[in-house]
Amino acid sequence: MTARLNDRELDRVLDAWLSEGPATVSGAALAGALERIPVTRQRRLSGRWLGPLAELRQAERWRPAIRVAGILVVLAALAGVVALAALIGAPPGPDPSPTPATTSPSVDADVSQAPSSTPQSSPPASVELQLDGSPLAADQWEFKGCPPVTITEPDGERVCRFTDGWHRLEIYGLSQPGLDGAGIATSDSGVRVRIWWYRGEIGDTLHLGDFESTQGECRLNLTDLTDTLANGTIDCTAVPGAYSTTVGGTEQETKVDLRGSFTFNPSTGAIEGF
Amino acid sequence: MVVMRRDLVARAQWGDEVAFAELATEIADRLFSVAYRILRDVDAANDATQEALVTIWRELPALRDPERFDAWSYRIVVNAAYAEHKRARRSIPVALSMPASLDDDPIGALVDRDQLERGFARLPIEQRTALVLQHFCDLSLPEIAEVMGTPLGTIRSRLHYARDAMRAALEADLRPAGAGQGELA
């Protein structure tokens, strides 16, 4: 045994020693965490919001009295589901350009089977999002992430390919006290639209730590809303209880004007606009 | 496996509790292992792991790049371990872990585990964490800096002092009887 450890020996000792010891979490700890999940709301605040929120919080004019009048809105829409095409009963779209040989594009399609990423030849759809009946300016919202459908935006077109899971669409109104967002997703069980919003009294209670207690969300399963889809509109008001939210410990009804329209192009599997 | 993990993360980000349960089950042991090695206390490590999992669920939507989930989750469990350490301030018992076999024991051939435990327990928790991330998690210095949210130079410094302290603690045990042992005060 030497009187001094060199670096290599020390590394070896530390590596070996730290590799020893328990390596399995207790079942109780894991179960305890999982039990807390259903009652723990996820924070739905993107980094993009941090600056504006800080400003909002400090702004004198944002008082509880004026605070969030409304909220949000959005819309989302969905992807190439043959079942959807059938429900809509739409004839082949106006663009007869070659499409993937698959006659029934799956919502779970592999990227290689995704709808064509070729820009749509149709003119950009008019996209309008409303907050309490008033249109949101183009600079107050944007799409984020990569929706599994072709989305036409006011300022151009983005084409995204199919992937599984939720896809984020965020709409934000920097001048609005309400936060909002929406997501669309595809899964084996169908197409889902999820809209969430945040509402708070932009005063004492509005800070990041409280956010999770002042948000609500509405989840739609489009397979249950065929009539709505047929009309090209998704209306979250059809969801009972979607507007119940808690502000400052008091449950309130939140009026959310959540509607929009889209055009589904069965030949490309694309959804254009809202 | 990577794709599956990424898919679970993506689904959990959007509120899929089933996906998160699967993800949590997959990562819980790793988080616990890190927490235990920092805290050296099984109960505290279990508590930290539970808190970390709930925090991961709550904050997951803020994770911009699912590819960075592992480093991000390390950061959360490290913070949970810090919180646990600070909150409990419990007297952490020295866990004397004995090897399964005294044969072929790379540690015992050089040093005494008791000295390792005591030397480690004397380190500030930030230095312990740096050592764990380097020697247990095999993270690079930049990765450690990212996980700990600390400048790279600070990480180098912490590791330098931590290693010196551990070496001193171990060498104290190696010295002939009667030698001074006060350097670590």
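Every chain is numbered from 1, with letters handed out A, B, ... down the list of sequences. Note that the structure is a prediction, hence the values are computed from the model and not measured.
With a 4.5 angstrom heavy-atom cutoff, A:A28 touches chain B only via backbone atoms. Neither the backbone nor the side chain of B:L31 comes within contact range of chain A; no heavy atoms are under 4.5 Å apart. With a 4.5 angstrom heavy-atom cutoff, B:R163 touches chain A via backbone and side-chain atoms both. Heavy atoms closer than 4.5 Å to chain B are found in the side chain of A:L34, but not in its backbone. Heavy atoms of B:V132 lying under 4.5 Å from chain A belong to its backbone as well as its side chain.
When B:A28, B:A35, B:A52 are compared by the number of non-hydrogen pairs under 4.5 Å with chain A, B:A28 comes out ahead.
The shortest non-hydrogen separation linking A:V13 to B:L170 is CG1-CD1, 4.3 Å. The shortest non-hydrogen separation linking A:P22 to B:S33 is O-OG, 4.3 Å.
Using a 4.5 Å cut-off on side-chain heavy atoms (C-beta onward), A:D7 and B:R167 make contact.
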Please tabulate, one pair per line, all N/O donor-acceptor pairs under 3.5 Å involving side-chain atoms of residues 135-147 of chain B, not counting sequence neighbours.
from, atom 1, to, atom 2, distance (Å)
B:H135, ND1, A:D15, OD1, 2.7
B:S140, OG, B:E143, N, 3.3
B:S140, OG, B:E143, OE1, 3.2
B:E143, OE1, B:S140, N, 2.8
B:E146, OE1, B:R68, NH2, 2.5
B:E146, OE2, B:R68, NE, 3.3
B:E146, OE2, B:R68, NH2, 2.7

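The residues B:E51 and A:R36 are annotated as salt-bridged, a charged nitrogen and a carboxylate oxygen being separated by less than 4.0 angstrom.
Looking only at distances, a side-chain donor or acceptor of B:N46 sits under 3.5 Å from a matching main-chain atom of A:S26. A distance-only check finds a donor-acceptor pair linking the side chain of B:W57 to the backbone of A:T40 [under 3.5 Å]. Listed for the B:D29 side chain is no donor-acceptor partner under 3.5 Å among the backbone atoms of A:T24. The backbone N or O of A:E20 lies less than 3.5 Å from a partner atom in the side chain of B:R37, making a donor-acceptor pair.
Residues that satisfy the side-chain hydrogen bond (donor to acceptor under 3.5 Å, both in side chains) test with B:Q127, not counting sequence neighbours, are absent from this structure.
Around the OH atom of B:Y161, the shell of radius 6.0 Å holds no more than 12 heavy atoms that belong to other residues, nucleotides or ligands.
Between the OG1 atom in B:T25 and the CG atom in A:L30 there is a gap of 5.0 Å [rounded to 0.5 Å].
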